[in-house]
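Each remark here refers to the structure printed beneath this line.
One-based numbering, in listed order, for ligands and for the atoms of each.
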Amino acid sequence: MNDIKLTAISTTVFERDHAVLTGDGFVNSVYPGWTNCTVNVVINEAMGAKFCQLLVTPEQTAILKGKNIATQIFFYVVEGTATVTIDGAKTALTKGSYVYIPVGKEYVFDSFGENTQLLTFHKKFEALDGYEIPSVVIGNEADIPQNIYCDDPDLLMQNLLPDSTDMAFDMAINIFTYNPGANLPFVETHIMEHGLMYLQGQGVYRLADKWYPIKKGDSIWMAPYCPQWFGALGKEPAVYIYYKNVNRFPIQP
Ligand code: UGY
Ligand code: MN
């Protein structure tokens, strides 16, 4: 019997233009105003990214309280339940719920259920001349239509924010579902940056000139222009939620 644990082995990868974060290297952080919870900084400016992605595991007694100043936050309930209070209004959240909190707003998350996990995306807001700051958005992925992507009925896209109809938003958060065997129709290479987390299934991600097996729970950072392609493997759909910067000129006018 071999019971030696090889603690020098990790599936986490960090390259100049991409990272694959499988959780085996996470070390917990503590942040002011967010109490009784574990916070893992999955993606951040320190890596070269222009946004931040956190994984938050709250105890039932946790409270996440804060005020957005220059940075907007998108919260997504991966598992469990919680309550959010914004402008005095309380909303109950369940698995698949999301809350977009623009700059200038205060928030409190509390009343967490057992085994709750939250995913957050944070982006410094780029104001747009002639547009108001976006409003708070609260919804659930179950109420968002799945649109066919690139004419392939096995690729389904859900847009959780109204960024395609409202230029005030400078970030998109989408859920991308690949039915078994489906793949991206070409190797995308674009100025937009991505942070993503797998919610279900598995497959192979091509990032730059490397190929990675990916499964539920894994996260990926793709820098601008990182060549990217994904093919779903296995017998269930592969699903990831991802961030993308949108709706702003690549250079200030
Ligand atoms: O929206 C996107 O750029 C998306 N198709 N990219 C990706 O899934 N890697
Ligand atoms: Mn892309």
Side-chain angles (χ1 to χ4, degrees), residues 12-22 42-43 47-53 72 74 76 78 96 98 100 119 121-123 126 137 139 141 144-167 169-234 236-250:
T12 296
V13 172
F14 174 55
E15 301 273 342
R16 187 203 67 78
D17 61 354
H18 67 270
V20 178
L21 302 131
T22 59
V42 182
I43 299 171
M47 298 167 88
K50 291 213 170 62
F51 69 100
C52 177
Q53 178 176 328
Q72 56 203 321
F74 183 97
Y76 174 79
V78 179
Y98 58 89
Y100 165 80
L119 173 69
F121 295 101
H122 309 230
K123 180 187 185 293
E126 297 170 74
V137 180
E141 65 170 81
I144 303 296
Q146 291 190 315
N147 298 318
I148 290 176
Y149 186 76
C150 281
D151 296 326
D152 182 343
D154 287 319
L155 294 176
L156 299 165
M157 182 67 73
Q158 290 167 283
N159 305 113
L160 304 189
L161 290 178
D163 57 282
S164 59
T165 50
D166 187 351
M167 295 298 275
F169 286 86
D170 65 352
M171 64 191 275
I173 304 290
N174 303 329
I175 294 182
F176 202 175
T177 298
Y178 296 65
N179 282 328
N183 51 261
L184 274 181
F186 62 98
V187 180
E188 295 181 7
T189 308
H190 53 61
I191 189 167
M192 297 81 85
E193 195 177 10
H194 291 316
L196 67 77
M197 184 174 141
Y198 270 78
L199 302 173
Q200 188 187 314
Q202 59 178 313
V204 174
Y205 228 108
R206 177 191 159 160
L207 298 165
D209 58 357
K210 305 223 166 84
W211 300 77
Y212 301 99
I214 299 291
K215 60 173 192 335
K216 178 180 175 178
D218 293 345
S219 295
I220 296 177
W221 167 59
M222 292 172 231
Y225 295 104
C226 176
Q228 56 200 255
W229 178 94
F230 177 69
L233 293 174
E236 61 172 336
V239 183
Y240 56 83
I241 180 167
Y242 71 100
Y243 158 94
K244 183 174 183 174
N245 50 309
V246 295
N247 292 345
R248 296 295 183 270
F249 276 107

Hey, is the main chain of [Y] close enough, under 3.5 Å, to the side chain of [X] for a donor-acceptor pair?
| X | Y | value |
| --- | --- | --- |
| His194 | Tyr243 | yes |
| Glu126 | Arg248 | no |
| Gln158 | Glu141 | yes |
| Gln200 | Pro237 | yes |

What atoms in ligand 1 come closer than 4.0 Å to a heavy atom of [X]?
| X | answer |
| --- | --- |
| Phe176 | 5 (N), 8 (O) |
| His194 | 2 (C), 3 (O), 4 (C), 6 (N), 7 (C), 9 (N) |
| Tyr149 | 5 (N) |
| Tyr205 | 7 (C), 8 (O), 9 (N) |
| Tyr242 | 1 (O), 2 (C), 4 (C) |

Decide yes or no on ring pair (Phe, Tyr, Trp, His ring centres under 6.0 Å) for Tyr242 and Phe121, but give the supporting numbers first. CA-CA 9 Å; Tyr242 71 100; Phe121 295 101; 9.0 Å; no

Can you tell me if Met157 has a non-hydrogen atom under 4.0 Å from ligand 1? no

Would you say Gln228 reaches the Mn ion (ligand 2) with an N/O/S atom under 2.8 Å? yes

Between Ile144 and Asn159, what is the shortest heavy-atom contact and its length? CG2-O, 3.5 Å

Heavy atoms only: give me the nearest Met192-Lys244 pair and the separation to one decimal. CE-CE, 3.4 Å

Degrees at the Mn ion (ligand 2) between the NE2 atom of His190 and the NE2 atom of His194, nearest 10°: 100°

Which is it for Met192 and ligand 1 at heavy atoms under 4.0 Å: side chain, backbone, both or neither? neither

Where does Tyr243 meet ligand 1, judged by heavy-atom distances below 4.0 Å: at the side chain, the backbone, both, or neither? neither

For atom 6 (N) of ligand 1, closest protein heavy-atom neighbour: Glu188 OE1, 2.9 Å

What protein heavy atom sits nearest atom 2 (C) of ligand 1, and how far away is it? Lys244 NZ, 3.3 Å

With only distance considered, is Tyr240 within less than 3.5 Å of ligand 1 through an N or O on each side? yes

Between Tyr198 and Tyr205, do the side chains contain an N or O donor and an N or O acceptor separated by less than 3.5 Å? no

With a 3.5 Å cut-off and no angle check, do the side chains of Gln72 and Tyr100 form a donor-acceptor pair? yes

Starting from the Mn ion (ligand 2), look over the N/O/S atoms of Glu188 and name the nearest one. OE1

